[in-house]
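Below is one structure, written out as C-alpha cells, with a few remarks after it.
The analysis underlying the following values was restricted to heavy atoms, covering all of them including side chains, and did not include hydrogens, waters or symmetry mates. Labels below follow one simple rule: chain letters A, B, ... track the order of the sequence lines, proteins then strands, and each chain is numbered from 1.
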Protein chains: 2
Amino acid sequence: MTQPELKDISPTELEVLKVLWQQAPLSANDIVEALNQGGEWHEKTVKTLINRLVNKGALGFKKDGRAYLYFPTLAEHSYQRKESQSFIQRVFGGKLAPLVAGFAGSNKLTQEDVAELKQLIDAWEKEQKHD
Amino acid sequence: MTQPELKDISPTELEVLKVLWQQAPLSANDIVEALNQGGEWHEKTVKTLINRLVNKGALGFKKDGRAYLYFPTLAEHSYQRKESQSFIQRVFGGKLAPLVAGFAGSNKLTQEDVAELKQLIDAWEKEQKHD
DNA sequence: CCAAACCTATTACAGTTGTAATCGTTATTG
DNA sequence: CAATAACGATTACAACTGTAATAGGTTTGG
C-alpha cells in the first residue's frame, strides 16, 4: 500500500515547507514572519501557499483556538530523496557522477564538499564489505 | 553582457532538447520519430513543444525546403550545470554532499558511481595542488 | 454590545504547461 | 489542374503557479 500520492510541490510552496521542517508546528503568522527574514513575501501570498499545501496533503494542522498550527506530513529527507532521484533521472538519465563532475568542473566543489564525499565513499565501501 | 536569458524549459520540452543533443539538426518529423521509440507522443504535441522551444530561444532552425531543421542553442552541459546548481540550491540549500548522501543511504549508489566519484575527487585534488 | 481586527476559505487573474486540433499555405499526386 | 497531404503557426483549454484581494465568520477592544 503506497501513500496517498502527494501532488507536486511548487518552488514557492517549498519555501513554506522548509520553514516547517526547521520548526513545527507553527501558525500561519509564524510562517509569514519566518519567511520575511530575508526576501519579502506578502502575507496573503504566504497564506495562499499554506492553503495549497494543505489541499495537496503536504501539510496538516491542528486547531489552536481560532487559528491553526501547521506541520509537514512528509520529512524533508523523504522529499529530498524523491526529488533528487527524479532530478537526476530527468537531467542526467539517472547517473549521479556527471552531476558531481559538473560541480567539479565549474569550481563549485569546496574543500568541505570533497571531505564529505570522501567520507561517504568510505562509509559506502565499508557497508559493501560486511554485507 | 549576459546571454538573452533563456526562459525556463519544462520537463516535456526537455525531452525534445535531449533528442537534439544526441543529434542535430533534425526535422520536426525526425524528432517525433525519435521520441516515439518508447513512450508515445502525439505528433501535434511534439510540434507544439518544438514551437515553444523556438519561442523561448532554446532552439534555432534553418529552412530545408518547406520544412525546418532544428538545433539546440545551448549545450547539454550548460543546461545541466545550471539546473544542477539551481536544484541543489533549492532543495539542499546549496550543499552537494547531502544529495550524494541521500543516494548512498537509499542504496542508489552503484559500484560504478563510486568509482567515478573517486576519480573525480582525485582529479579535483590534483587540480588544487598545482594551482 | 458593536465595530474593528483577525482567521481561514474563496475568488481573481495572468502566465506556464501538457496535450492537442484547426488554419492557412505550399507541395504533391492523380 | 484539382484534391489532398504535409508544414509550421495559431488557437484551445484545463490544471498548476505566482501573487494577491475579497468574503464570511469569530474574537476582542472599547
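Checking C:dT8, C:dG18, C:dA20 against the side-chain heavy atoms of B:Thr48 singles out C:dA20 as nearest. Of the listed nucleotides (D:dA15, C:dT19, D:dT19), D:dT19 has the atom at the smallest distance from the side chain of A:Leu49. Of the listed nucleotides (D:dT19, D:dA20, D:dT28), D:dA20 has the atom at the smallest distance from the side chain of A:His42. The B:Ala67 side chain lies nearest to D:dG8 when the options are D:dG8, C:dT19, C:dT28. Nearest nucleotide to the B:Lys47 side chain, out of D:dC7, C:dA21, C:dA9: D:dC7. Closest contact between the side chain of A:Lys7 and the listed nucleotides D:dA20, D:dC16, D:dT17 involves D:dC16.
Between the C1' atom of D:dA15 and the CG atom of A:Asp8 lies a distance of 12 Å, rounded to the nearest Å. Summarising the geometry, the separation between CD1 on A:Ile50 and P on D:dT17 is reported as 17 Å, rounded to the nearest angstrom. Whole-Å rounding puts the B:Lys63 NZ to D:dG8 C1' distance at 10 Å. Across the protein-nucleic acid pair, B:Arg66 atom CZ and D:dA5 atom C1' stand 10 Å apart, rounded to whole Å. Rounded to an integer number of Å, the gap from CG of A:Asn51 to P of D:dT17 is 14 Å. Look at CZ on B:Arg90: it is 12 Å from P on D:dT17, rounded to the nearest Å. The separation between B:Leu35 atom CG and C:dT19 atom C1' is 14 Å, rounded to whole Å. One atom, CG of A:Asp64, and another, P of D:dT27, lie 12 Å apart when rounded to the nearest Å.
The number of heavy-atom neighbours closer than 6.0 Å to NZ of B:Lys18, taken from other residues, nucleotides and ligands shown, is above 12. Other residues, nucleotides and ligands contribute more than 12 heavy atoms inside 6.0 Å of the CD atom of A:Glu127. More than 12 heavy atoms of other residues, nucleotides or ligands lie within 6.0 Å of CD in B:Gln128, so this atom counts as buried by the packing criterion. Atom NZ of B:Lys56 has more than 12 heavy atoms from other residues, nucleotides or ligands within 6.0 Å.
Proximity of A:Asn29 to the phosphate of C:dC7: a side-chain N or O atom is located under 4.0 Å from OP1 or OP2.
Residues B:Tyr68 and A:Glu13 both approach DNA chain D. Their nearest nucleotides, taken by heavy-atom distance, put B:Tyr68 toward the 5′ side.
A:Tyr70 comes within 4.0 angstrom of the backbone, heavy atoms only, and of no base. Heavy atoms of A:Thr12 sit under 4.0 angstrom from primed sugar atoms or phosphate atoms, though from no base atom.
Contact of B:Arg52 with D:dT10 (side chain to base): no donor-acceptor pair of N or O atoms is detected under 3.5 Å. Contact of A:Thr45 with D:dA20 (side chain to base): no donor-acceptor pair of N or O atoms is detected under 3.5 Å. For C:dT19, its base never sits under 3.5 Å from the side chain of B:Lys44 at any donor and acceptor pair.
When only modelled atom types and interatomic distance are considered, A:Thr110 and A:Asp113 share a side-chain donor-acceptor pair under 3.5 Å.
Taking the six-membered ring where tryptophan is involved, the planes of B:Phe61 and B:Tyr68 are essentially parallel, since the angle between them stays under 30° and well short of 60°.
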